Number of protein chains: 2
Amino acid sequence: MSDVVENSRREKLVEAAATLFHRRGVEATTLKDVAHASGVPMGSVFYYYPTKDDLTAAVIARRAAHVVDMLERHSRRAGPVGRLHALVDVWMSDRYVDAQFGCPIGSLCFEVARVRRLDATAPFQTLIDWAESQFRALGAGAKSRAHAAHLVAALQGISLMASVMSAPDLIAGEVAYLKNWIRGLRILDEHPRRQAARRTAERAASTHRSRST
Amino acid sequence: MSDVVENSRREKLVEAAATLFHRRGVEATTLKDVAHASGVPMGSVFYYYPTKDDLTAAVIARRAAHVVDMLERHSRRAGPVGRLHALVDVWMSDRYVDAQFGCPIGSLCFEVARVRRLDATAPFQTLIDWAESQFRALGAGAKSRAHAAHLVAALQGISLMASVMSAPDLIAGEVAYLKNWIRGLRILDEHPRRQAARRTAERAASTHRSRST
DNA sequence: GTCTATATTACGATAGAC
DNA sequence: GTCTATCGTAATATAGAC
């Protein structure tokens, strides 16, 4: 669940920084901007975060924690298909801001990684690992890792393109595309006979479930 | 073919700027860096490009022209599958630098678009339009636009992730994935009978071609 | 057209009073 | 712990000699 409620002053700073880093990028936002947006005077930001890199690392850690929380929430859903759909639906909901500023995770991690003064691998590592285990649960076997990378890449790429083109509809289209792909994966990886059997069983199970709940 | 050979001084400046913008990002590279890398003294860069935005616009135009040239080259290939494969193979060849600094097109256009002082839509517009017409030639019909967006998004996303994770293999894996997907698309959009007929015909044609050339 | 020398501004960071 | 005042540096950009 992660210790989110912290000292309040520190928390206000990372929160403001996270928003500004998303909207303008980290190089383009000044610490004065962060101070102003958070209502904390300039001198104090250096008390809490001695350097800009320290603040940036805190923003990355915050994003990583949010990813963990989000995936934990989605993991409570019924099957792997529903979980993966829940993940891509996040991009659907966020599409209007992402089409302005890009994905908050991707843009941040990329900018930081390119200069390479900080480690920013955590959010993507978590995302790919989680997706992989969903694909594995779905029966994709050895292909699961590639599927996971493909899924996360598609979401990142479409966010980038949508922001370049100012086109939230690009995200909506890709989300539909991906959900359909995920749905269809089960069909391809199975023998027709088994497939028919499983589907009949599932239909029965889902009818039963929707009645009993 | 676009007027590439220009005055030499201007050209040296955009070339150096393009490289540095790719390696560090535009915000993070100073005009002094560009002056030094191109061997042009500080005062002269302002003679050719009065502001940093002017230089940045020139770099974007240069990238856009390169995309046009590249696609023109790939358009000379035999069929739509071969053309699309040729496109994704570019990412395969570039994977080691892209895994360090990201895709030179995506990283540049995104950074510029987020601050939104310049138009950076051209490269992606060209890329998507071209891919769409290939998918259409392939018989994907109304789905062609979505396929095109999906393809370019996948390439952009995997470049971003590869650079965050310092993992060129991610790109190699995704390229294999995409080539296989493109190959398989024909199968899905066709009736099994027609499919078998076409494949037999193609096999014969390709055997004939490989002999005659 | 070319380049040196410099103006101007604003950034990250510090010192030190409270 | 908190905040004001300010330092040193480096960025974009200009002026003006050649």
Side-chain angles (χ1 to χ4, degrees), chain A residues 3 5-62 107-108 111-118 120, chain B residues 3 5-62 107-108 111-118 120:
Chain A
D3 49 331
V5 203
E6 219 188 325
N7 200 279
S8 151
R9 210 72 181 272
R10 280 176 74 86
E11 185 53 28
K12 265 186 184 171
L13 279 166
V14 279
E15 197 181 317
T19 315
L20 289 169
F21 287 1
H22 183 205
R23 298 176 83 107
R24 311 183 193 170
V26 359
E27 287 292 335
T29 87
T30 73
L31 293 173
K32 207 171 91 181
D33 292 336
V34 177
H36 193 259
S38 61
V40 172
M42 265 307 292
S44 294
V45 2
F46 288 98
Y47 174 74
Y48 292 106
Y49 296 101
T51 73
K52 193 182 185 182
D53 277 0
D54 290 328
L55 178 59
T56 308
V59 173
I60 295 168
R62 184 192 147 98
S107 59
L108 174 68
E111 192 181 356
V112 165
R114 182 161 57 177
V115 184
R116 254 168 252 279
R117 282 184 312 230
L118 261 33
Chain B
D3 49 331
V5 204
E6 218 188 325
N7 198 280
S8 151
R9 210 71 182 271
R10 280 176 74 87
E11 185 52 28
K12 266 186 183 170
L13 279 167
V14 281
E15 195 181 319
T19 316
L20 289 169
F21 287 1
H22 183 205
R23 299 176 82 106
R24 311 182 192 170
V26 359
E27 288 291 336
T29 86
T30 73
L31 293 172
K32 208 170 92 181
D33 292 336
V34 176
H36 193 259
S38 60
V40 172
M42 263 308 291
S44 294
V45 3
F46 288 98
Y47 174 75
Y48 293 105
Y49 298 102
T51 72
K52 194 183 184 182
D53 276 359
D54 290 327
L55 178 59
T56 309
V59 173
I60 295 168
R62 185 192 146 98
S107 59
L108 174 68
E111 193 180 356
V112 165
R114 180 160 59 175
V115 183
R116 254 167 255 281
R117 283 185 311 232
L118 262 33

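Below, each value reflects all heavy atoms present in this structure, side chains not excepted, and no hydrogens, waters or symmetry copies. Given the structure is predicted, the values throughout are model-derived calculations rather than measurements.
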Separation of atom CG in A/L55 from atom P in C/dC11, rounded to whole Å: 15 Å
Of the listed nucleotides C/dC3, D/dA13, C/dG12, the one nearest the side chain of B/R9: C/dC3
Atom pair distance, as rounded to whole Å: NE2 in B/H36 and P in C/dT4: 13 Å
Candidate nucleotides D/dA13, C/dC3, D/dC3, ranked by approach to the side chain of B/P41 - the nearest: C/dC3
A/Y47 side-chain N/O to D/dG1 phosphate OP1/OP2 under 4.0 Å: yes
Salt bridge (charged side-chain N to carboxylate O under 4.0 Å, His left out) between A/R114 and A/E27, intermediate numbers included: CA-CA 12 Å; A/R114 182 161 57 177; A/E27 287 292 335; over 6 Å; no
A/K32 NZ - C/dT9 P separation (whole Å): 13 Å
Nearest to side-chain heavy atoms of A/Y48, which nucleotide of D/dT4, D/dA13, D/dG1: D/dG1
Verdict with reasoning, B/V112 to B/T56, per side chain to side chain contact (heavy atoms under 4.5 Å, CB included): CA-CA 8 Å; B/V112 165; B/T56 309; 3.7 Å; yes
Rounded distance (Å) that lies between atom P of D/dT14 and atom CG of B/L31: 12 Å
B/R116 CZ: over 12 foreign heavy atoms closer than 6.0 Å: yes
Whole angstrom value for the distance that separates P of C/dA10 from CD of B/E27: 15 Å
Spacing of A/M42 atom CE relative to C/dG12 atom P, expressed in whole Å: 7 Å
Nucleotide D/dT2, atom C1' - distance to CZ of A/F46 in whole Å: 15 Å
Sugar-phosphate only, base, or nothing, as touched by A/S44 at under 4.0 Å among non-hydrogen atoms: base
Between P of D/dA11 and CZ of B/R24, the distance in whole Å: 10 Å
Any A/R24 side-chain heavy atom under 4.5 Å of A/D33 side chain: yes
